[in-house]
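Notes follow the structure.
By convention in this document, chain letters (A, B, ...) are assigned in the order of the sequence lines, proteins followed by strands, and residues within each chain are numbered from 1.
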Amino acid sequence: MRIATWNVNSIRSRIDRVEDWLRRTDVDVLCMQETKAREDQFPFDRFEALGYEVAHHGLNQWNGVAVLSRVGLDDVQVGFEGDPGWGEPLAAEARAIGATCGGVRFWSVYVPNGRALDDPHMAYKLAWLGQLRDRAVEWAADGTPVALCGDWNIAPRDEDVWSMEYYLDKSHVSPPERAAFHAFLDAGFVDVVRPHTPGAYTYWDYQRLAFPKKRGMRIDFVLGSASFAARVAGAAIDREERKGTGASDHAPVVVELDD
DNA sequence: ATGGTAGACGCTCTA
């Protein structure tokens, strides 16, 4: 089974490229983030025509997450218990959706950005991650293969950013964020892509010619439970997909699983 | 040339 995760940065503006990529890459399951669409705006028909079942969660023009599958799509769950929420009134944003596909419990997650170290969004990000970790431990407790796929908005290691000097005192690399990420590893989840993609980035800012200057970050991850990680045969970051006009600022991340 | 983007409910916010 081939699975992938991809922050598409607006499915409505990206649908042609995503469709081309699916035809080319032939994945069985795709977790998408930042669809930036309500349910009535999401192009379900385009994916169904390619043979995928689709579960999408989108409330407005921000966030939005989806799971596409051609190996079954069951027990869809929108959001998770304990999501701290955001806004007034406090409410969960469209940042997580779960579905069981081909015997694996997938979660497509779009972790809050955090924005800046002293921004209220940072406390929200850390609380959100803490709750997700607690739920993830519960989901994996009975040995079910669980894959937490998405845009984590954290660069866990210094080598995951093009310049630590540049990111010093900025979001994505701070000790509390890295601790929140590491809590998943401490709980037994495994970054299954890193061993197969040393030194690679998954995201390049649209600004300041970041892509041609190779100024990227590794912030998109597939964290697998032990039983999921044991089946990983390979992984790749499709840097080619970041090229050209109309590209998302994130590259797709692909994982190959043994049956 | 010391800047440079992109997408959305676009005259401003988010990343």
Side-chain angles (χ1 to χ4, degrees), chain A residues 5-21 31-43 46 56-66 83-96 108-126 128-129 149-156 160-163 165-174 177 180-181 201-221 237-253:
Chain A
T5 186
W6 189 8
N7 178 323
V8 297
N9 186 18
S10 173
I11 192 57
R12 283 175 288 166
S13 69
R14 207 78 60 214
I15 181 62
D16 289 345
R17 268 189 89 130
V18 174
E19 188 176 317
D20 287 348
W21 186 85
C31 294
M32 288 196 295
Q33 301 84 39
E34 275 210 274
T35 58
K36 292 185 172 178
R38 298 185 308 263
E39 293 312 287
D40 61 293
Q41 298 172 314
F42 189 89
R46 299 285 293 269
H56 175 252
H57 176 39
L59 299 171
N60 50 42
Q61 73 272 41
W62 307 124
N63 315 308
V65 283
D83 184 324
W86 179 259
E88 183 60 49
L90 204 58
E93 299 181 301
R95 293 183 177 277
S108 181
V109 301
Y110 179 44
V111 175
N113 183 285
R115 300 192 181 186
L117 301 189
D118 59 354
D119 192 297
H121 287 86
M122 182 58 71
Y124 167 47
K125 177 182 195 173
L126 297 174
W128 194 95
L129 282 164
C149 306
D151 175 358
W152 293 73
N153 272 315
I154 297 172
D160 297 335
V161 296
W162 62 274
S163 163
E165 190 176 55
Y166 178 82
Y167 283 103
L168 203 66
D169 301 327
K170 290 189 178 69
S171 174
H172 292 57
V173 302
S174 72
E177 291 169 276
F181 185 88
Y201 299 139
T202 65
Y203 161 85
W204 297 260
D205 199 316
Y206 285 126
Q207 300 183 60
R208 294 176 290 276
L209 301 177
F211 185 64
K213 292 193 172 198
K214 306 187 190 305
R215 295 180 171 178
M217 307 174 86
R218 185 197 289 265
I219 57 175
D220 300 87
F221 296 93
I237 296 166
D238 191 354
R239 189 179 173 281
E240 290 298 307
E241 183 54 38
R242 179 64 180 80
K243 294 181 179 175
T245 53
S248 169
D249 43 1
H250 294 254
V253 177

Review point. Rounded to whole angstrom units, what separation is found between the CD1 atom of I15(A) and the P atom of dA8(B)?
Key: 12 Å
Practice item. Step by step, work out the side-chain contact (heavy atoms from CB on, under 4.5 Å) result for T35(A) and Y110(A). Key: CA-CA 10 Å; T35(A) 58; Y110(A) 179 44; over 6 Å; no
Check your understanding: Mind checking what makes side chain to side chain donor-acceptor pair (under 3.5 Å) contact with D119(A), not counting sequence neighbours?
Key -> H121(A)
Check your understanding: What are the two closest non-hydrogen atoms of D205(A) and Q207(A), and how far apart are they?
Key -> OD1-N, 2.7 Å
Point to revise | Residue pair A251(A) / W6(A): nearest heavy atoms and the distance that separates them | key: C-CD1, 3.8 Å
List, with names and distances, any nitrogen or oxygen atoms from the protein found under 3.5 Å away from nitrogen or oxygen atoms belonging to nucleotides 11-15 of chain B.
| residue | atom | partner | partner atom | Å |
| --- | --- | --- | --- | --- |
| dT14(B) | OP2 | R115(A) | NH1 | 3.3 |
| dT14(B) | O5' | R115(A) | NH2 | 3.2 |
| dA15(B) | OP2 | R115(A) | NE | 2.8 |
| dA15(B) | OP2 | R115(A) | NH2 | 3.0 |

Exercise for review: Please step through side-chain contact (heavy atoms from CB on, under 4.5 Å) for the pair I219(A) and D151(A), ending with a clear verdict.
Suggested key: CA-CA 6 Å; I219(A) 57 175; D151(A) 175 358; 3.8 Å; yes
Revision key, fill the gap. Separation of dA6(B) atom P from R12(A) atom CZ, nearest Å, is 18 Å
**Study point:** Criterion side chain to side chain contact (heavy atoms under 4.5 Å, CB included) against V65(A), the qualifying member of M32(A), H56(A), Q33(A), E93(A)
**Key:** Q33(A)
Exercise for review: Sticking with atom P, work out how far dT2(B) lies from dG7(B), rounded to a whole angstrom.
Suggested key: 26 Å
Study note, to complete from the structure: L59(A) CG to dC9(B) P, in whole Å, measures 14 Å
Practice item. Considering just the side-chain nitrogens and oxygens of R14(A), establish if one lies under 4.0 Å of OP1 or OP2 belonging to dA6(B). Key: no
Revision key, fill the gap. note: R208(A), atom CZ; dA6(B), atom P; distance rounded to Å ~ 13 Å
Check your understanding: Taking the same atom, C1', in dC9(B) and in dT14(B), what whole-Å distance lies between them?
Key -> 13 Å
Check your understanding: What is the minimum heavy-atom distance between A247(A) and Y206(A), and which atoms define it?
Key -> O-OH, 2.9 Å
Exercise for review: Using the C1' atom on both, measure dG10(B) against dA15(B) and round to a whole Å.
Suggested key: 15 Å
Review point. On a whole-Å scale, what distance lies between the P atoms belonging to dA1(B) and dA6(B)?
Key: 24 Å
Review point. Atom CZ of R215(A) and atom C1' of dG4(B): how far apart are they, to the nearest Å?
Key: 11 Å
Review point. Quantified in whole Å, what is the C1' atom distance between nucleotide dG3(B) and nucleotide dA8(B)?
Key: 25 Å
Exercise for review: Taking only the side-chain nitrogens and oxygens of Q41(A), find out if one of them lies under 4.0 Å from OP1 or OP2 of dC9(B).
Suggested key: yes
